[in-house]
Peer 1: 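Below you will find the structure I want to go over with you.
By convention here, the first residue in the shown sequence is residue 1.
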Amino acid sequence: KGCSGDRLGQGYKISESRGCLMDKTQIQAIVAAEKRAAIGSSTSSDLTKQRSDALDYYLGDMDELMPTTEGHSRAVSTDVSDTVEAMLPPLMDIFTGGDEYVEFAPVGPEDEEAAAQETDYVNHVFMNENPGFLILYNFIKDALLSKNGIIKAWWEKVESVEKETYRNLDEAGYSAIASDPEAEIIQQTPYTDEMGMARYDVVVRKAYTKGCFKAANVPPEEFGISSAAKDIPTSPYCYHKFQRSVSQLIQEGYNKDDVEGLPTTSTRGQEDTEEGRSRDTFADESDPSTTVNKAMRMVDVTEHYIRLDVDDDGVAELIKVVTAGSSEKMLGEPEEIDRMPFHSITPFPMPHRFFGRSIADLVI
């Protein structure tokens with residue numbers, strides 16, 4: 001059940017393929033070192049300061065360069081906001097103005113029908129099964145404000161459970177349901193009808209795995225990349241740091257005991273970073289980490305994507321490693337994947353550098 005398509009970065013356990021010869025402790029230490037050295041990991045770097053300043057200017061906050069005393073007027077400039085907001089509508093019109101956001105071109109006459117079906121299907125998945133318009137809007141706006149916009153795209157597998165109720169079943173119908181290996185009868189009520197025939201009311205639970213393409217924006221402060229990287233596809237290392245609830249991690253298949261033993265996040269997520277605070281439009285003093293709902297307790301999670309020779313064949317494979325908590329404890333097993341799941345745009349690329357310049361940089 002669900003969407004069809006290729007793996008789109010979906011990984012498989014290394015232990016299920018060639019075998020992992022590198023100790024998990026070694027892998028954990030390597031990804032932790034790579035993360036510390038990655039661009040974007042330091043909360044006091046020039047990159048963080050520039051992006052935070054751009055957000056302050058966008059919101060008209062000039063207190064750092066033009067401080068005021070109590071009782072006096074404040075200087076406010078909306079140049080950054082005016083420029084960015086003026087550019088967004090025509091840019092969105094370029095990407096979303098037509099009926100098709102993406103088009104597959106046929107190579108020959110025999111490909112025309114298949115290309116048309118692929119075009120319709122991919123547009124449907126991106127725009128209807130994903131919030132495609134908002135993804136593109138945030139993608140472009142992040143680039144205009146914060147140098148680079150980042151999208152994460154992946155193939156997601158979700159185990160779902162459905163309940164179905166059948167009434168007035170005869171013996172044949174009941175036997176058909178009872179013999180279905182995917183169906184579990186959780187409730188049944190046998191009775192006799194007016195003709196003296198055996199009848200059944202049953203409630204059935206069916207579990208299935210649904211797979212589908214997913215895309216989401218990555219806040220700039222949650223993404224980091226190797227300082228040696230010129231682009232994402234060839235980067236030796238990238239990471240995505242975010243927060244997940246205990247319940248979500250268990251649903252994703254991670255060991256229940258490992259997840260419940262993780263410490264509650266000590267921060268308020270994005271709002272605890274300089275960029276996150278600059279993005280706030282109002283003061284919010286709530287702290288989601290103090291919730292008494294244990295299943296929804298939030299923990300820090302990092303997905304590392306690193307090229308690493310884990311099977312000692314001399315060739316580095318692209319590996320996904322998930323760690324959590326302040327100690328960067330590894331969750332699950334390392335997985336080999338076929339591509340980086342991130343995609344980036346920037347308004348003004350800098351030659352031989354990953355991060356470019358933003359519109360906000362120029363206006364400031």
Side-chain angles (χ1 to χ4, degrees), residues 1-13 15-16 121-122 124-132 134-135 152-191 198-217 240 242-262 264-265 288 291-301 303 320-325 329-335 337 341:
K1 261 189 172 181
C3 301
S4 60
D6 70 5
R7 294 191 305 150
L8 195 69
Q10 175 191 345
Y12 55 90
K13 300 290 189 297
S15 57
E16 298 170 359
Y121 182 71
V122 170
H124 169 76
V125 169
F126 183 65
M127 296 306 300
N128 296 99
E129 297 189 4
N130 290 270
L134 287 176
I135 290 173
K152 185 179 182 182
W154 71 99
W155 186 262
E156 184 174 273
K157 284 188 175 181
V158 179
E159 292 186 358
S160 300
V161 176
E162 290 184 351
K163 288 184 179 180
E164 298 176 353
T165 301
Y166 299 88
R167 301 187 185 280
N168 199 29
L169 291 174
D170 57 17
E171 289 283 359
Y174 177 80
S175 297
I177 291 176
S179 61
D180 185 351
E182 296 182 356
E184 177 189 358
I185 297 177
I186 58 176
Q187 182 180 336
Q188 59 180 340
T189 306
Y191 60 93
R199 298 290 177 177
Y200 302 87
D201 292 343
V202 299
V203 179
V204 175
R205 179 169 56 196
K206 291 185 177 180
Y208 63 89
T209 300
K210 177 182 178 181
C212 199
F213 164 80
K214 291 291 183 181
N217 299 101
H240 178 204
F242 50 92
Q243 291 184 356
R244 281 284 188 274
S245 69
V246 169
S247 175
Q248 287 174 311
L249 290 173
I250 294 173
Q251 281 184 312
E252 290 172 10
Y254 295 110
N255 182 274
K256 181 174 180 289
D257 292 335
D258 290 343
V259 171
E260 291 183 342
L262 293 170
T264 303
T265 178
T291 177
V292 295
N293 186 348
K294 293 182 179 180
M296 298 308 296
R297 185 170 59 85
M298 305 301 290
V299 298
D300 291 325
V301 179
E303 290 181 354
K320 174 185 174 182
V321 179
V322 179
T323 62
K329 178 180 180 179
M330 188 184 298
L331 296 180
E333 297 292 330
E335 298 179 11
I337 58 175

Peer 1: Counting C-beta onward and ignoring hydrogens, is there a side-chain heavy-atom pair between Leu169 and Asp201 closer than 4.5 Å?
Peer 2: no

Peer 1: Between Cys212 and Glu129, what is the shortest heavy-atom contact and its length?
Peer 2: SG-OE1, 2.9 Å

Peer 1: For Lys256, check salt bridge (charged side-chain N to carboxylate O under 4.0 Å, His left out) against everything at least two apart and list the hits.
Peer 2: Glu260

Peer 1: Any heavy-atom pair between the side chains of Arg205 and Val161 that's under 4.5 Å?
Peer 2: yes

Peer 1: Is Lys157 close enough and on-axis enough to Trp155, meaning under 6.0 Å and within 45°, for cation-pi?
Peer 2: no

Peer 1: Taking C-beta and beyond as the side chain, do Asn168 and Tyr191 meet within less than 4.5 Å on heavy atoms?
Peer 2: yes

Peer 1: Applying side chain to side chain contact (heavy atoms under 4.5 Å, CB included) to Val321 and Met330, what does each step give before you reach the verdict?
Peer 2: CA-CA 7 Å; Val321 179; Met330 188 184 298; 3.9 Å; yes

Peer 1: Is the backbone of Ile135 close enough, under 3.5 Å, to the side chain of Asn217 for a donor and an acceptor to pair up by distance?
Peer 2: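 Between the backbone of Ile135 and the side chain of Asn217 there is a qualifying donor-acceptor contact (under 3.5 Å).
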
Peer 1: Which word best sums up how the rings of Phe213 and Phe126 line up, parallel for under 30°, tilted for 30 to 60°, or perpendicular for over 60°?
Peer 2: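 It falls in the tilted class, 30° to 60°.
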
Peer 1: Let me confirm one number: the NZ-OG1 distance from Lys294 to Thr264, rounded to the nearest 0.5 Å.
Peer 2: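 The distance works out to 10.5 Å.
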
Peer 1: Over all heavy atoms of both residues, which pair between Ser179 and Ala176 is shortest? Give the atoms and the distance, please.
Peer 2: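 Looks like OG-O, 3.0 Å.
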
Peer 1: Which residues pass the salt bridge (charged side-chain N to carboxylate O under 4.0 Å, His left out) test with Glu252, sequence neighbours left out?
Peer 2: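 Here the qualifying residues are Arg244.
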
Peer 1: Any heavy-atom pair between the side chains of Gln188 and Tyr174 that's under 4.5 Å?
Peer 2: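 Sidechains of Gln188 and Tyr174: in contact.
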
Peer 1: Taking Asp258 for its side chain and Leu331 for its backbone only, find out whether a donor-acceptor pair lies under 3.5 Å.
Peer 2: no

Peer 1: Of all the heavy-atom pairs spanning Ala295 and Ser245, show the shortest one and how long it is.
Peer 2: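 The answer is O-CB, 3.9 Å.
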
Peer 1: Quick one: does Gln243's side chain get under 4.5 Å of Asp300's, heavy atoms only?
Peer 2: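 Yes - at least one pair of side-chain heavy atoms lies under 4.5 Å apart.
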
Peer 1: Donor-acceptor pair, Arg297 side chain versus Leu262 backbone, under 3.5 Å?
Peer 2: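 Judged by distance alone, yes, a pair lies under 3.5 Å.
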
Peer 1: Should Lys206 and Glu184 be marked as a salt bridge (Lys or Arg N to Asp or Glu O under 4.0 Å) after you check the CA-CA gap, both sets of side-chain angles, and the distance that decides it?
Peer 2: CA-CA 6 Å; Lys206 291 185 177 180; Glu184 177 189 358; over 6 Å; no

Peer 1: Quick one: does any side-chain atom of Asp180 pair with a main-chain N or O of Glu182 as donor and acceptor, under 3.5 Å?
Peer 2: yes

Peer 1: Quick one, Val299 and Leu249 - any side-chain contact, counting heavy atoms below 4.5 Å?
Peer 2: yes

Peer 1: Quick one, Ile177 with Val202, criterion side chain to side chain contact (heavy atoms under 4.5 Å, CB included). Give me CA distance, side-chain angles, the key distance, then yes/no.
Peer 2: CA-CA 9 Å; Ile177 291 176; Val202 299; 4.3 Å; yes

Peer 1: Pick from Val203, Val204, Thr165: which one makes a side-chain contact (heavy atoms from CB on, under 4.5 Å) with Gln187?
Peer 2: Val203

Peer 1: Quick one: are Thr189 and Tyr200 in side-chain contact, heavy atoms under 4.5 Å?
Peer 2: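 No - every pair of side-chain heavy atoms lies 4.5 Å or more apart.
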
Peer 1: Determine, for Arg199 against Glu171, whether the closest basic-nitrogen to carboxylate-oxygen distance falls under 4.0 angstrom.
Peer 2: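 No salt bridge links Arg199 with Glu171.
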
Peer 1: Testing the basics here: between Met296 and Ser247, what is the closest heavy-atom pair and its distance to 0.1 Å?
Peer 2: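 Minimum heavy-atom separation between Met296 and Ser247: SD-CB, 4.3 Å.
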
Peer 1: Are any side-chain N or O atoms of Asn130 and backbone N or O atoms of Ala215, one a donor and one an acceptor, separated by less than 3.5 Å?
Peer 2: yes

